[in-house]
Structure formats: structure tokens, C-alpha cells
Trainee: 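A single structure is presented below for examination.
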Amino acid sequence: MNASFQILERIKQCSKLRLSIQGKSLHAFVIKTGLDQHLPLYPNALIDMYGKCGHLKHAVKLFDEMPDRDLVSWASIFTAHNQANFPRQTLFLFSRMLSRDGLQPDHFIFASLVKACACLSASKLGQQLHAQFVLSRFSDDDVVKSSLVDFYAKCGLPDQASKVFHSIVSKNVVSWTSLVYGYARIGRKNEALELLHDMPCKNVQSWTALISGFVQGGHCTESFRLFNQLRSEGIDIEEPFVLSILIVGSSSLAIDVLSAEKIFGSLRERDVVSWTSIIVGMAQHGRANEALSLYDDMTKAGSRPNEVTFTGLIYACSHVGLVEKGRQIFESMIADYGLSPSLQHYTCLVDLYSRARHIEEAENVLNTMPFKPDEAAWAALLSACSSQAGKNETGVRIANHLLQLGVEDPSTCVLMSKIYASATMWESVSTVRRLMTGMESKKKPGYSCVDLGKENEVFYAGETTRHLMKDEIVDLLKELDSEMRKRGYKPDTSLVLHDMGEEEKERQLFWHSERLAVAYGLLKSARGAPIRIIKNLRVCGDCHTVLKLVCSIVGREIVVRDANRFHHFKDGACSCRDFW
DNA sequence: GTAGGGTTAG
């Protein structure tokens, strides 16, 4: 019996230290010696070990072969999926746990489920779990509470996070840090800093959480100011972790002083994450050639790219129409690096082909890839069909398919409606319009934030805006409008949903938040400086046209980060090449 | 005495 417990101890060590090779040989040993027949608690410890060492498949295999699974088995398999970044699968498996094994969650299960919800920002489900947890006999558990703090922080609900936080009996660095992150993410700087100040146990991670919270929430200027402040106070934060975040932060601002390239250049040691950060940053800004040449440097420097690196690279190729290069990179990822492409990689590949108008190839990828294509993947192809003459038949087929599948993104609806309209399928057009009206009522209010370095100003859509400089803003927008019309601009009202006259629809467009923000930026920023806008939703088609015209009329660069990507408007064109 | 949970990067 002693020997069994010794083996167990060693398996635990392997989990903890992520020693997958030793773990595997222990597994082999257990089978060879027949210990698996006697070993108590077999194979939960092995499932945990495989999960922690990143061998999800092995963990799942052992789990599936188990005749009787207990809560520990389920908790281990949930953690394995969370760690492999499959939070959806965790939640799916939970429903199986209830239905198949009839087990009720304990505190371990609650914690891993809440974590999955946090990863997905699944606020409704997470709150349901919270309610269930409160009613359970585990409601005193501090770790679950801590996971809830993180969950609310990631969902952008710091007040809820704080409520749970204060109910924690023995608060530790994890619970504190989660709340700091929550405040930072939503831009509540003073609260974040105060909390950090009061924190008895702060470490490098806490500072990092603060900075990354600001970056994630789009408050990039703030994160740099903080970074400088911390440096001047002698706090040791020059570790690759923070710098990687700052590379992301600086590439989302496209600023000069501490630009991503500069930070990257100053790194003493470059790991796969810092290389990937700079590559992704370049790719997002449409600077594909720089991204590709950095990739060359990376491999020459002996750093091994991973899945995320490849996402960035294919994305980069896709933006400049380097179809062949993108395909090669995709293949090299599998053949040279032994990585298995995820749904996201396939979606990037579809995007690559679609943007280059290689519609058959794109459709072929969708039909043969080992994943069920999601809405984003179909939408990439649909977009190509709608902008290419003669591809309407394919477009209609895909739109029909999407209609059956269920659509969630209004921009997909816009594409579908375009396709149906050009096929004169009016009945389908109105079906899609009805769908969109339903979405409209659920839509978050759109806003744009103009970043002027020292200050930020947020604008919401609509003429009720009560801004001190409203008159100046409107005058400038009118002036720009008439100049744009001289250059052939015709408002595209096809995306305005409300049932109203054409003129009224144009008025709606005129008051879109990004225009107000750009006008204010033009009035307030230093001459010649780029105007930087952060928008919570996607830029609409009409605003995209307007911004292209405005940048050439005023001779200024306009950078918009919307919900999906960056748009660099310069000399009448956009870095997204009108495909977003 | 035995196994499972929560913070920060791309």
C-alpha cells in the first residue's frame, strides 16, 4: 500500500511542476505493474496531471474510460479544459455532470465553473452560479468568492466584484488583485490605486494586473503614465510580463514616446510572448510586412512560435493579400511546428482566401475543416461574396444557411440583407430586417472616446449631446459634410433601421459618435497630430466612408480602434482595405 | 495520512 501512496505523491509532484514526461512514465509504470487495479483514487490524479501538463486529450481519454466518476474527476476535467482555454466545453461538461451522473456541484466545481464564465464574460450564467453557490452549503468558501470577484471584474461589474470581495473572510493576494484589475479595467483609476495602496500583500502580479487592466479597458494612456510613475518610484516591474502588456497597449494607441517597437527593442530577453505581441500588434495595424519580417527575426533568434504567433501571421498576410504566403505559414505551423490549428486559425484562413476573392478555396476550407464553422467564419466568406460580382449564388446559399443556424451579429445581417437584395429576394430581405430590429433593441449604446493624450472625451451618438463645444463641433461637421458631398459622398442609409424618411435617416448618421469624436479631436488636438478614437462597437459602413474622406480633406491621420480591429485612415484610404 | 478550485501577458 505504501508503494501506491508513494506513486500518488510522485504523480502530484508532476502535476505541480508540470513534468509531463515523468508523469507519462509514471502512468506507464502504474499500468505495467498492475497498480491501476489497486491504486486508490486511480485515475483522478492522472487526469489532473495530464490536464495541468497540457495533455488534454490524455486527460479526456482517461476520464471517458472511467466507470464511476466522482466530483474530483469532474473538477479535474473542468480544470483541464479551462487550462486548455476551452471554457465553453467546461460549461457543456457541467450540464453532463448534472444530467448523466446526477451530481451536485461542490466548492471546487463552483470555482472552476465561475472561472469558465469569467473567461467567456458569460455574465448571466455566472450570476446564476453565484446565486446557486450562495444557497449551497459551500457558501462560506473563500476561494469560490475569489473566483466570483474575478468573474465580476472581467464582466466589467466592479461594484458587484467589490461586494463579494468584502464578504471574503481571509482576503489574500489573489482576491485583492482580482478587484484591482476590475477597477482598472473599467477606468476607475482612483479606486484601483487606493485599493492597491491598502493592499497588505501586493506583489509584482498586482502591479501587472493594474497596468493590464488599464490596457484591456482601452485606457492605454493611463497605463503608460502609471508605468512611468512606478518606474520613477523604483518599483521593479521591468519584467517581460509587464512589457508584453505595454507592447499591446502601445500598439493599441500607435503612440510615439514609448512605442511598441521601442519597448520591444529595449527588451533584454525576448520570449515567445513578447515576439508574438509585437507581431500581432503590427498585424492589427495593417503593417503586415513588418510583422512578417519580425517573424523572420524571431525564428533566426531561435524563438519557437506558438499558436498565437500563427494567428497573428495569417491575419497579417490576410490584410495585404499575401494568399500564398499565408497558406505556407498555415502549413508550416502544422508540418514544421507540430501545432494543431484551432477554429480561429481556420477562420483566419477563410478570411485570407475571402479577402483575396478566392471564394471557392474559402468555402472549401469551411466545409472540410475539423470544426463546425461559427458565425464569424461564415461572415468572412459572405463578405467576399457580397463584394464580388457573380458570386451571388454562393452568397445566397450561405445566407440561407446562416438563417437556419441563427445569427447574433447585426453586421452579419447587413451582409445577408445586401446579398438578398441583389438577388431580388425581398421576402428574405424583410426576414433579415426583422431579425435586426430585434437585435437593435438589445444593442449596447455606442460611444467613441477621443484620446488627446492628457485628456479623454467620450461621445455618445445622437443630437442630444450636451457638450460645451457642441456648436463648434456641429459647424465643423457641417462644413466637412458639404465638402464631402462635393467629392461625391452620398450617405449610405441602408444600415439605419428605423422606419423613417431618407432625410431623417441621414440625420441619424450625421450624429454617429465617431464623427462627433473626430470633430472634437480636430478642434482640440495639436496641428498635424493623428486623431485617435476608441469605439466600443464596430464602425458602420457609412462612417467608414466618411472617415476616409475626412482624413484626406483635413490632411490628418485618423486611427480608430473599434470592437474588432484598427482602422488607420490616411490619404483617403483605410488600412483595413475596406474589409472588416 | 490519500485525488480536484480562484489573480497578471500574446
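First the proteins, then the strands, lettered A, B, ... as listed; each starts at 1.
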Trainee: Could you tell me how far apart A:His107 (NE2) and B:dA3 (C1') are, to the nearest whole angstrom?
Mentor: 13 Å
Trainee: Nearest of B:dA3, B:dT8, B:dA9 to any side-chain atom of A:Asp150?
Mentor: B:dT8
Trainee: With a non-hydrogen cut-off below 4.0 angstrom, is A:Asn82 in contact with a base, only sugar-phosphate, or nothing?
Mentor: nothing
Trainee: Identify which nucleotide among B:dG10, B:dG4, B:dG6 has an atom closest to any side-chain atom of A:Phe108, counting heavy atoms from C-beta outward.
Mentor: B:dG4
Trainee: Using a strict cut-off of less than 4.0 Å between a Lys/Arg side-chain nitrogen and an Asp/Glu carboxylate oxygen, indicate whether A:Asp48 and A:Lys52 qualify as a salt bridge.
Mentor: yes
Trainee: Output the rounded distance in Å from CD1 (A:Ile279) to C1' (B:dA9).
Mentor: 15 Å
Trainee: Answer with yes or no whether the side chains of A:Ser73 and A:Asp70 bring together a donor and an acceptor at under 3.5 Å.
Mentor: yes
Trainee: Describe the nucleic acid contact of A:Ser147 in one word from base, sugar-phosphate, nothing, applying a heavy-atom distance below 4.0 Å.
Mentor: sugar-phosphate
Trainee: Would you mind reading off the distance between A:Gln205 atom CD and B:dG6 atom C1', rounded to a whole angstrom?
Mentor: 13 Å
Trainee: For A:Val180, which contact category applies under a 4.0 Å heavy-atom criterion: base, sugar-phosphate, or nothing?
Mentor: nothing
Trainee: So if I take every side-chain heavy atom of A:Phe5 and compare against B:dG5, B:dG4, B:dG1, which nucleotide ends up nearest?
Mentor: B:dG1
Trainee: Quick one: which of A:Phe110, A:Phe151, A:Tyr152 gives a side-chain contact (heavy atoms from CB on, under 4.5 Å) with A:His130?
Mentor: A:Tyr152
Trainee: Please indicate whether A:Leu135 has more than 12 foreign heavy atoms, meaning atoms of other residues, nucleotides or ligands, lying under 6.0 Å from its CG.
Mentor: yes
Trainee: Just by distance, no angles: are the side chains of A:Thr276 and A:Thr309 close enough, under 3.5 Å, to form a donor-acceptor pair?
Mentor: yes
Trainee: Have a look at A:Thr79 and say if it touches a base, only the backbone sugar-phosphate, or nothing, with a 4.0 Å heavy-atom cut-off.
Mentor: sugar-phosphate
Trainee: From C-beta outward on A:Thr177, which listed nucleotide comes closest to its side chain: B:dG10, B:dT8, B:dT7?
Mentor: B:dT7
Trainee: State which of B:dT8, B:dG6, B:dG10 makes the closest approach to the side chain of A:Val272.
Mentor: B:dG10
Trainee: Distance only, no hydrogens: is a donor on one side chain within 3.5 Å (strictly under) of an acceptor on the other, for A:Asp150 and A:Ser147?
Mentor: no
Trainee: How close or far is atom C1' of B:dA9 from atom CG of A:Asn306, stated in whole angstroms?
Mentor: 12 Å
Trainee: Let's test your reading of the model: under 3.5 Å, does the base of B:dG6 pair with the side chain of A:Asp142 as donor and acceptor?
Mentor: no
Trainee: Got a salt bridge between A:Asp159 and A:Lys163, using NZ or NE/NH1/NH2 to carboxylate O under 4.0 Å?
Mentor: no
Trainee: Respond yes when some side-chain nitrogen or oxygen of A:Lys171 is under 4.0 Å from OP1 or OP2 of B:dG6, and no when none is.
Mentor: no
Trainee: Residues of residues 190-203 of chain A with any non-hydrogen atom less than 4.0 angstrom from an atom of DNA chain B: list those, numerically ordered, please.
Mentor: none
Trainee: Determine the contact category for A:Ile77: base if any of its heavy atoms lies under 4.0 Å from a base atom, sugar-phosphate if only primed atoms, P, OP1 or OP2 are that close, otherwise nothing.
Mentor: nothing
Trainee: Nearest-Å distance, CZ (A:Phe165) to C1' (B:dG6)?
Mentor: 13 Å
Trainee: Looking at A:Thr79 and A:Ala75, would you say the former's side chain and the latter's main chain have a donor-acceptor pair under 3.5 Å?
Mentor: yes
Trainee: Is A:Val280 touching bases, backbone alone, or none of the nucleic acid, heavy atoms closer than 4.0 Å?
Mentor: sugar-phosphate
Trainee: Under 4.0 Å, heavy atoms only, any strand: does A:Lys154 hit a base, just the sugar-phosphate, or nothing?
Mentor: sugar-phosphate
Trainee: Relative to each other, are the rings of A:Phe78 and A:Trp74 parallel, tilted or perpendicular (30° and 60° limits)?
Mentor: tilted
Trainee: Give the rounded distance in Å between these two atoms: CD1 of A:Ile109 and P of B:dG5.
Mentor: 10 Å
Trainee: Is any N or O donor-acceptor pair between the side chain of A:Asp106 and the base of B:dG5 shorter than 3.5 Å?
Mentor: no
Trainee: Check every atom of B:dA9, B:dA3, B:dG4 against the side chain of A:Lys12 and return the nucleotide holding the closest atom.
Mentor: B:dA3
Trainee: Ignoring hydrogens and geometry beyond distance, is the side chain of A:Ser277 in donor-acceptor contact with the base of B:dG10 at under 3.5 Å?
Mentor: no
Trainee: The side chain of A:Leu8 lies closest to which of these nucleotides: B:dT2, B:dG4, B:dT7?
Mentor: B:dT2
Trainee: Can you see if the side chain of A:Ser212 gets near the phosphate of B:dA9 - specifically, an N or O under 4.0 Å from OP1 or OP2?
Mentor: yes
Trainee: On the side chain of A:Asp70, is there an atom forming a donor-acceptor pair with the base of B:dG4 - under 3.5 Å, no angle test?
Mentor: no
Trainee: Is any side-chain nitrogen or oxygen of A:Gln216 closer than 4.0 Å to OP1 or OP2 of B:dG10?
Mentor: yes
Trainee: Nearest whole angstrom, please: distance from the C1' of B:dG6 to the CD of A:Gln83.
Mentor: 14 Å
Trainee: Rounding to a whole Å, what distance do you find between A:Met49:CE and B:dG4:C1'?
Mentor: 15 Å
